[in-house]
Q: 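Below is a structure I'd like to ask you about.
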Amino acid sequence: MEYCTQCRWLPRAAWLAQELLTTFEGELTELALKPGKGGVFVVRVNDEVVWDRREQGFPEPTAVKRLVRDRVAPGRSLGHSDR
């Protein structure tokens with residue numbers, strides 16, 4: 001996950017990272033926070049961009065969880081997040 005240091009988005013990135021690590025504790029082997037600049041906030045799974053703030057705005061956690069789930073644990077239920 002790459003976030004803009006100039007915009008002070010580390011807390012937002014860390015919170016989303018926590019959400020993903022908690023939800024996918026058995027599927028994710030690592031999650032990196034990469035400092036960036038210029039308003040960047042991008043979530044990648046194995047180098048594939050699954051969310052880019054510039055194109056999609058700031059993500060709701062459930063939207064990112066669904067996109068990550070589709071790549072790391074297809075078919076897995078996210079419970080209330082799937083509704």
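We use all heavy atoms of the structure for the numbers below, so side chains are in, but hydrogens, waters and symmetry mates are not.
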Q: Should the heavy atoms of other residues, nucleotides or ligands under 6.0 Å from CD of Glu60 be counted, would the total exceed 12?
A: no
Q: What are the two closest heavy atoms between Leu31 and Ala17, and how far apart are they?
A: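 Looking at all heavy atoms of both residues, the closest pair is CD2-CB, 3.5 Å.
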Q: If you compare all heavy atoms of Gly39 against all heavy atoms of Cys7, which two are closest, and at what distance to 0.1 Å?
A: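 Minimum heavy-atom separation between Gly39 and Cys7: CA-SG, 3.9 Å.
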Q: Quick one: closest heavy-atom pair of Leu67 and Arg71, and the distance?
A: O-NH1, 2.8 Å
Q: Where do Ala73 and Glu27 come nearest, in terms of heavy atoms and distance?
A: CB-CG, 3.8 Å
Q: State plainly whether one hydrophobic cluster holds both Leu33 and Val49, where clusters connect Ile, Leu, Val, Met, Phe, Trp and Tyr through side-chain heavy atoms under 4.5 angstrom apart.
A: no
Q: Does the Thr5 side chain pair with the main chain of Pro35, one donor and one acceptor, at a distance under 3.5 Å?
A: no
Q: In terms of hydrophobic clustering (I, L, V, M, F, W, Y; side-chain heavy atoms under 4.5 Å; direct or indirect links), are Leu21 and Leu78 co-clustered?
A: yes
Q: Taking C-beta and beyond as the side chain, do Val40 and Tyr3 meet within less than 4.5 Å on heavy atoms?
A: no
Q: Do the ring centers of Phe58 and Trp9 come within less than 6.0 Å of each other?
A: yes
Q: Are the side chains of Met1 and Arg44 in contact, using a 4.5 Å heavy-atom criterion?
A: no
Q: Do you know the tightest heavy-atom contact between Pro59 and Leu16?
A: CG-CD2, 4.1 Å
Q: Between Gln56 and Asp52, is there a donor-acceptor pair closer than 3.5 Å when you use the side chain of the first and the backbone of the second?
A: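 Confirmed, Gln56 side chain pairs with Asp52 backbone.
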Q: Which heavy atom of Thr23 sits nearest to which heavy atom of Arg76, and what is that distance?
A: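 Where Thr23 meets Arg76 most closely, the heavy atoms are O-NH2, 2.9 Å.
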Q: Are any of the side-chain heavy atoms of Val72 and Leu28 separated by less than 4.5 Å?
A: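 In short, these two side chains touch, coming nearer than 4.5 Å.
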Q: Nearest 0.5 Å, what's the CH2-CZ distance between Trp51 and Arg66?
A: 9.5 Å
Q: Within the structure provided, determine whether Arg12 and Phe41 are in side-chain contact (heavy-atom separation under 4.5 Å).
A: yes
Q: Does Gln6 use its side chain to pair, donor to acceptor, with the backbone of Gly38 at less than 3.5 Å?
A: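 Present.
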Q: Can you see whether Phe24 has Arg69 sitting over its ring - NZ or CZ less than 6.0 Å from the centre and within 45° of the normal?
A: no
